[in-house]
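Notes follow the structure.
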Amino acid sequence: MDQVSGRQSTLKRAIALTAVVLVVEVAGGLLSHSLALLSDAGHVLTDVFALGLAWFALAQSRRPADRRRSYGYQRVTVLAALVNAVTLIVIVLAIGFEAVRRLMAPEPVQGGIVIASALVGIAVNAYVIFGLRGEASPGGGKSLNMRAAFLHVAGDIGASVGVLVAGAVILLTGWLYIDPLLSLAIAVLIAYGAWGIVRETVNLLMEGTPREVDLGDVTREISATDRVTGLHDLHVWALSSEETALSVHVVVGECPLSDAEHLVRDLEQRLCGRFDIGHTTIQVESCHPCGEIEHGAGAHNHPHDHSHERVRVISSSAGPRAAGSGGPGR
């Protein structure tokens with residue numbers, strides 16, 4: 001809990017400082033008539049969204065599940081990310097339209113103001129990255145939101161350096177086309193980030209298998225377990241960008257209930273250790289093979305009409321869950 005509180009404090013400070021950069025670059029862009037600086041401000045806005053989502057995810061992770069939302073409130077971050085992506089797309093379209101207009105009719109730009117604003121952005125973002133580096137590193141714990149926020153801010157430093165160069169070119173040579181050209185480049189950078197957010201949120205909402213999990217590897221890991229003779233109804237999906245769930249029916253030979261419980265504990269530890277699957281629902285079945293039933297990964301079968309003994313063991317290591325929660329109906 002102390003680690004979560006520390007991350008929240010780091011993110012709050014980063015959000016406040018990034019908001020300062022946003023205000024400085026918007027003001028500088030309006031005063032200097034620089035579209036590149038305003039485009040960079042749009043990129044900074046994506047940083048504010050990313051940092052805000054990371055903070056929100058941490059805040060929601062401390063909120064307990066209830067009877068209405070047995071998985072908690074983690075999906076709220078998915079909806080927020082979708083709003084983020086839509087906003088970014090609107091920004092990209094606005095930048096692209098204005099850049100084309102300025103390529104056709106260049107406007108005078110105050111290079112000195114552009115350089116000063118870009119320097120403020122680089123300095124503040126460098127400080128923010130210094131604060132995030134420990135939390136975002138692979139050794140600092142698995143937090144996809146923190147790592148994403150780190151990459152957002154790092155990308156903004158690169159964009160600010162580009163704006164700085166553009167300001168210097170305008171100040172030294174008076175070549176105004178550098179401003180809309182750089183704006184288009186920043187728009188492409190924003191669009192790339194927005195597409196990544198859209199792709200991830202759609203996969204989460206469709207309850208798709210996370211990219212980092214290979215369903216074939218999961219199948220082989222379960223099948224290699226002692227006493228396991230088959231499996232079916234295997235599903236792996238993401239509850240949020242940081243938490244993965246699994247449900248599966250495991251077919252075993254005749255064995256006492258205590259052995260089945262030990263098997264489930266072994267499986268959940270291995271699945272968590274290798275695939276980082278923190279919430280597992282495992283149904284152990286002891287039955288005779290049924291030729292017409294497909295016992296494979298992803299198969300959706302409920303052989304209730306066949307004579308067999310079934311032991312249901314539900315295990316979860318993902319935190320508190322309301323009574324009766326065990327994964328979506330699959």
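Start at 1 with the first residue, then count along the sequence.
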* Structure fact -> Shortest non-hydrogen pair, Ala260 vs Val284, comes out as CB-CG1, 4.1 Å

Can you list, pair by pair, the side-chain donor-acceptor contacts under 3.5 Å of residues 113-125, counting residues two or more places apart and other chains?
| residue | atom | partner | partner atom | Å |
| --- | --- | --- | --- | --- |
| Ser117 | OG | Ile113 | O | 3.0 |
| Asn125 | ND2 | Gly121 | O | 3.0 |
| Asn125 | ND2 | Asp156 | OD2 | 2.6 |

* **Side chain to side chain, Thr209 and Trp237, heavy atoms closer than 4.5 Å** => no

* Asked: Are the charged groups of Glu107 and Arg101 less than 4.0 angstrom apart, N to O?
  -> yes

* Same cluster for Leu263 and Leu246 if Ile/Leu/Val/Met/Phe/Trp/Tyr side chains link at under 4.5 Å? -> yes

* Asked: Heavy-atom distance under 4.5 Å between the side chains of His43 and Asp40, does that happen here?
  -> yes

* Consider only side-chain heavy atoms of I, L, V, M, F, W and Y, link residues closer than 4.5 Å, and tell whether Leu184 and Leu189 are in one cluster. => no

* **Over all atoms of both residues, closest heavy-atom pair of Pro106 and Leu176** => CB-CB, 4.0 Å

* To do: Any chance you could lay out the side chain to side chain contact (heavy atoms under 4.5 Å, CB included) test for Arg199 and Arg211, step after step, and finish with the verdict?
  => CA-CA 11 Å; Arg199 185 173 54 189; Arg211 288 180 299 170; 3.8 Å; yes

* Asked: Phe56, Val153: one ILVMFWY side-chain cluster at the under-4.5 Å cut-off?
  -> yes

* CD/Glu212 to OG1/Thr244 distance, rounded to the nearest 0.5 angstrom? -> 5.5 Å

* Structure fact -> Scanning both residues in full, the closest heavy-atom pair of Ala194 with Ile89 reads CB-CG1, 4.4 Å

* Asked: Can you check whether Leu37 reaches Val26 side chain to side chain, under 4.5 Å on heavy atoms?
  -> no

* To do: Provide the full list of salt bridge (charged side-chain N to carboxylate O under 4.0 Å, His left out) pairs with a residue in residues 14-27, sequence neighbours left out, each pair given once.
  => none

* Whether Thr225 side chain and Val228 backbone form a donor-acceptor pair below 3.5 Å -> no

* For side chain to side chain contact (heavy atoms under 4.5 Å, CB included), just list the numbers for Leu234 and Ile222, CA-CA rounded to whole Å, side-chain angles, deciding distance to a tenth of an Å, and then say yes or no. => CA-CA 10 Å; Leu234 171 62; Ile222 296 174; 4.3 Å; yes

* To do: Begin from the C-alpha positions of Gln283 and Val248 and carry the test side chain to side chain contact (heavy atoms under 4.5 Å, CB included) through to its verdict.
  => CA-CA 6 Å; Gln283 178 169 301; Val248 65; over 6 Å; no

* Rounded to the nearest 0.5 Å, how far does CD of Glu243 lie from CD1 of Ile277? -> 11.5 Å

* **Closest contact, heavy atoms only, Pro210 versus Asn203** => CA-ND2, 4.2 Å

* May I ask you to say whether Arg102 pairs ionically with Glu98, meaning some side-chain N is under 4.0 Å from a carboxylate O? => yes

* side chain to side chain contact (heavy atoms under 4.5 Å, CB included) between Leu51 and Thr18, intermediate numbers included -> CA-CA 9 Å; Leu51 292 167; Thr18 306; 3.4 Å; yes

* Asked: Taking all atoms of both residues into account, what is the closest heavy-atom pair of Ala187 and Ile95, and its distance?
  -> CB-CG2, 3.8 Å

* Is there a chain of hydrophobic side chains (I, L, V, M, F, W, Y, each step under 4.5 Å between heavy atoms) that links Phe275 to Val236? -> yes

* Report yes if the side chains of Val218 and Asp214 come closer than 4.5 Å at any heavy-atom pair, otherwise no. => no

* Point-to-point distance, once rounded to the nearest 0.5 Å, from NE2 of His235 to NE2 of His249 -> 7.5 Å

* **Any side-chain heavy-atom pair of Trp175 and Leu181 under 4.5 Å** => yes

* Asked: Got a donor-acceptor contact below 3.5 angstrom from the Thr173 side chain to the Ile170 backbone?
  -> no

* Find out if a path of hydrophobic residues (ILVMFWY) with successive side-chain heavy-atom gaps under 4.5 Å connects Ile190 to Leu93. => no

* Structure fact -> CD (Glu221) and CZ (Arg270) are apart, to the nearest 0.5 Å, by 4.5 Å

* Structure fact -> Between the CD atom in Glu207 and the CG atom in Leu239, the distance rounded to the nearest 0.5 Å is 8.5 Å

* Asked: Do the side chains of Glu254 and Val252 get nearer than 4.5 Å, heavy atoms only?
  -> no

* Nearest non-hydrogen partners of Val128 and Ala14, listed with the distance -> CG1-CB, 3.7 Å

* Any Arg13 side-chain heavy atom under 4.5 Å of Tyr127 side chain -> yes

* **Whether Ser183 side chain and Ala36 backbone form a donor-acceptor pair below 3.5 Å** => yes

* For the atom pair CD (Glu285) and CG (Leu231), what is the distance rounded to the nearest 0.5 Å? -> 10.5 Å

